[in-house]
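Shown next, in structure tokens, is the structure this report addresses.
For the single chain, residues carry numbers from 1 onward in sequence order.
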Amino acid sequence: MTDQPIGSGALASYASHPSHSRGRRHDEPPAPTRSAFQRDRDRVIHSTAFRRLVYKTQVFLNHEGDLFRTRLTHSLEVAQLGRSIARSLGLNEDLVEAIALAHDLGHTPFGHAGQDALHASLQAVPATDDEPDGWGFEHNLQSLRVVDELEERYPAFDGLNLCFETREGILKHCSRHNARRLEAQEPGGVAHRFLHGGSPSLEAQLCNLADEIAYNAHDIDDGVRSGLITLEQLEAVELFGHYRRQASAAHPHLQGRRLLYESVRLMLSDQVYDVIDATRERLTASGVDSADAARRSAPLVGFSDGMRQRSQALKTFLFRNLYRHPQVVETTGRARRVVDELFRCYLARPEEMPPSPGREHGPRRVADYIAGMTDRFAIREHERLLGEVLFP
């Protein structure tokens with residue numbers, strides 16, 4: 001069974017249909033020329049938080065090189081991969097794109113190092129009536145917070161007022177503590193599955209996997225470009241080594257970056273085909289015939305068992321050899337210090353932050369402000385407030 005909403009090709013019965021959306025938190029008349037999910041995508045692209053991603057770290061800080069990925073280019077690559085797979089599976093490409101472009105809006109400066117530092121800083125704050133179980137920071141929850149509350153673009157509401165389905169996909173992970181808070185505010189909403197089981201939409205599942213495929217591939221590229229890992233090291237990793245040998249056999253004189261690019265291209269293509277084939281098999285076996293039926297099922301979008309194992313081995317290699325490389329660790333150590341010291345300073349001197357009429361104050365306000373910073377703005381603010389140059 002198919003449906004053809006505005007701007008989409010034929011959708012499978014288990015896809016998310018804009019006409020069947022659970023809607024927005026604030027009622028709005030439909031757009032005359034765009035589906036609800038196309039409208040979400042456009043709102044994300046025009047948001048302030050999206051533009052900031054161009055100066056937020058993926059692995060390497062922005063000033064370390066012009067060609068390394070940032071959170072923005074990463075999000076674009078996730079969207080491209082997600083749309084390619086969605087089209088073959090009959091899923092809603094527009095919803096996939098909206099989720100992919102929004103999934104990192106809440107990420108801190110300096111990537112995961114900044115996130116970990118901000119979480120630790122918040123946890124050090126004593127519990128209050130507002131936070132009786134203590135404070136913390138989750139970047140997926142912060143991304144939802146950005147689109148629900150922090151963007152200031154419209155006269156009638158805070159946030160971007162996105163559809164339930166887009167918001168559901170943005171909230172990729174959530175602690176039970178935060179899920180209970182969200183469920184109390186929005187019964188049966190985007191956090192319901194974290195408390196009562198179930199899966200997100202197939203489009204959300206696809207974005208989750210496209211995220212992994214994208215960062216594995218581009219971290220190989222950036223890691224080799226940086227000189228921290230080599231093609232020779234990667235040869236021992238089954239997933240990459242197989243495609244490097246395949247590329248060399250087809251093009252015996254290929255060397256350097258062209259060999260790297262061709263190897264990564266072959267790897268990406270096979271992973272995409274694997275996801276399509278394995279997911280089709282699961283969808284057929286499951287018998288799901290609607291988006292809601294897919295939510296009641298176990299996750300269905302994924303690799304075959306063999307590809308999952310090979311992908312996990314690559315992730316383990318990158319963790320040990322790139323993300324934990326002494327040069328990366330030294331840089332992220334300074335980044336963590338920037339975030340921690342900024343948090344302490346703003347908490348003690350909130351007047352150093354811009355005024356925010358109508359917004360809550362205290363630790364959460366400080367966390368919102370820091371999480372919204374780009375790498376270079378955080379560095380400049382640290383130099384201004386602490387008088388120390390950590391990144392010459």
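Considering CD1 of Ile45 and CZ of Phe50, their distance stands at 5.5 Å, rounded to 0.5 Å. Summarising the geometry, atom CG belonging to Leu283 is positioned 7.0 Å from atom CG belonging to Leu89; distances are rounded to the nearest 0.5 Å. Rounded to the nearest 0.5 angstrom, Glu77 CD and Tyr215 OH are separated by 14.0 Å. The CZ atom of Phe317 sits 5.0 Å away from the CD1 atom of Ile229 when rounded to the nearest 0.5 Å. Here Arg258 contributes atom CZ and Leu260 contributes atom CG; the two are 12.5 Å apart, rounded to the nearest 0.5 Å.
Aromatic ring pairs are classed by plane angle as parallel below 30°, tilted from 30° to 60° and perpendicular above 60°; the pair Phe391 and Phe110 is parallel. His26 and Phe157 have parallel rings, their planes meeting at less than 30° on a 0 to 90° scale where 60° marks the start of perpendicular.
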- Item | Intermediate values then yes/no, side-chain contact (heavy atoms from CB on, under 4.5 Å), Glu262 and His251 | CA-CA 10 Å; Glu262 180 63 7; His251 307 280; 4.2 Å; yes
- Task: Check step by step if side-chain contact (heavy atoms from CB on, under 4.5 Å) holds for His177 and Glu138.
- Result: CA-CA 11 Å; His177 165 61; Glu138 299 173 11; over 6 Å; no
- Evaluate the criterion side chain to side chain donor-acceptor pair (under 3.5 Å) for residue pair His119 and Gln115; output intermediate values, then yes/no. CA-CA 6 Å; His119 178 66; Gln115 171 189 280; over 6 Å; no
- Message: Set out, in order, the CA-CA distance, both residues' side-chain angles and the distance that settles salt bridge (charged side-chain N to carboxylate O under 4.0 Å, His left out) for Asp368 and Arg145, then state yes or no.
- Response: CA-CA 9 Å; Asp368 286 341; Arg145 186 168 167 80; 2.7 Å; yes
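At a cut-off of 3.5 Å, with distance as the only test, no side-chain donor of Asn216 or Gln271 sits close to an acceptor on the other residue. Using modelled atom types and a 3.5 Å distance limit, the side chains of Asn140 and Ser143 yield no donor-acceptor pair. In summary, the side chains of Asp94 and Gln38 do present a donor paired with an acceptor at a separation below 3.5 Å, with no hydrogens or angles considered. Checked by atom type, the side-chain pair Ser75/Asp104 shows no donor-acceptor distance below 3.5 Å. Side-chain N/O atoms of Gln80 and Ser84 include a donor and acceptor closer than 3.5 Å.
Cation-pi contact between Arg308 and Phe303: absent, since separation from the ring centre below 6.0 Å together with deviation from the ring axis within 45° is not met. Cation-pi contact between Arg43 and Tyr154: present, with separation from the ring centre below 6.0 Å and deviation from the ring axis of at most 45°.
Both Met307 and Tyr273 sit in one connected hydrophobic cluster of ILVMFWY residues. Membership requires side-chain heavy atoms under 4.5 Å apart, directly or through other members. Hydrophobic clustering (side-chain heavy atoms under 4.5 Å, transitive across Ile, Leu, Val, Met, Phe, Trp, Tyr) groups Ile213 together with Phe319. Two different hydrophobic clusters hold Leu195 and Leu141 under the rule that ILVMFWY side chains link at heavy-atom gaps under 4.5 Å. Transitive grouping of hydrophobic side chains (ILVMFWY, heavy atoms separated by less than 4.5 Å) keeps Phe37 and Leu101 in distinct clusters.
Paired with Glu168 under the rule side chain to side chain donor-acceptor pair (under 3.5 Å), one option of Arg295, Arg193, Arg22, His192 passes, and it is Arg295. Looking at Leu95, Ile99, Val190, Ile170 one by one, the single match for side-chain contact (heavy atoms from CB on, under 4.5 Å) with Glu165 turns out to be Leu95.
Residues Ala217 and Val264 approach most closely at CB-CG1, 3.9 Å, considering heavy atoms.
At distances below 3.5 Å, not a single donor-acceptor pair connects side-chain atoms of Asp211 with backbone N or O atoms of Cys207. Under a 3.5 Å cut-off, the side chain of Arg39 and the backbone N or O of Arg34 do not form any donor-acceptor pair. Asn92 places a side-chain N or O within donor-acceptor distance of the main-chain N or O of Ser16, the cut-off being under 3.5 Å. A donor-acceptor pair under 3.5 Å is absent between the side-chain atoms of Glu93 and the main chain of Arg87, judged by distance alone. In terms of modelled atom types and a separation under 3.5 Å, the side chain of Asp222 and the main chain of Arg69 share a donor-acceptor contact.
For Glu97, the side chain to side chain donor-acceptor pair (under 3.5 Å) partners at least two apart in sequence or on another chain are Arg41, Arg83. Under the ring pair (Phe, Tyr, Trp, His ring centres under 6.0 Å) criterion, His107 pairs with His112, His139, not counting sequence neighbours.
Under a cut-off of 6.0 angstrom, the local environment of CD in Gln255 is sparse, with at most 12 non-hydrogen atoms contributed by other residues, nucleotides or ligands.
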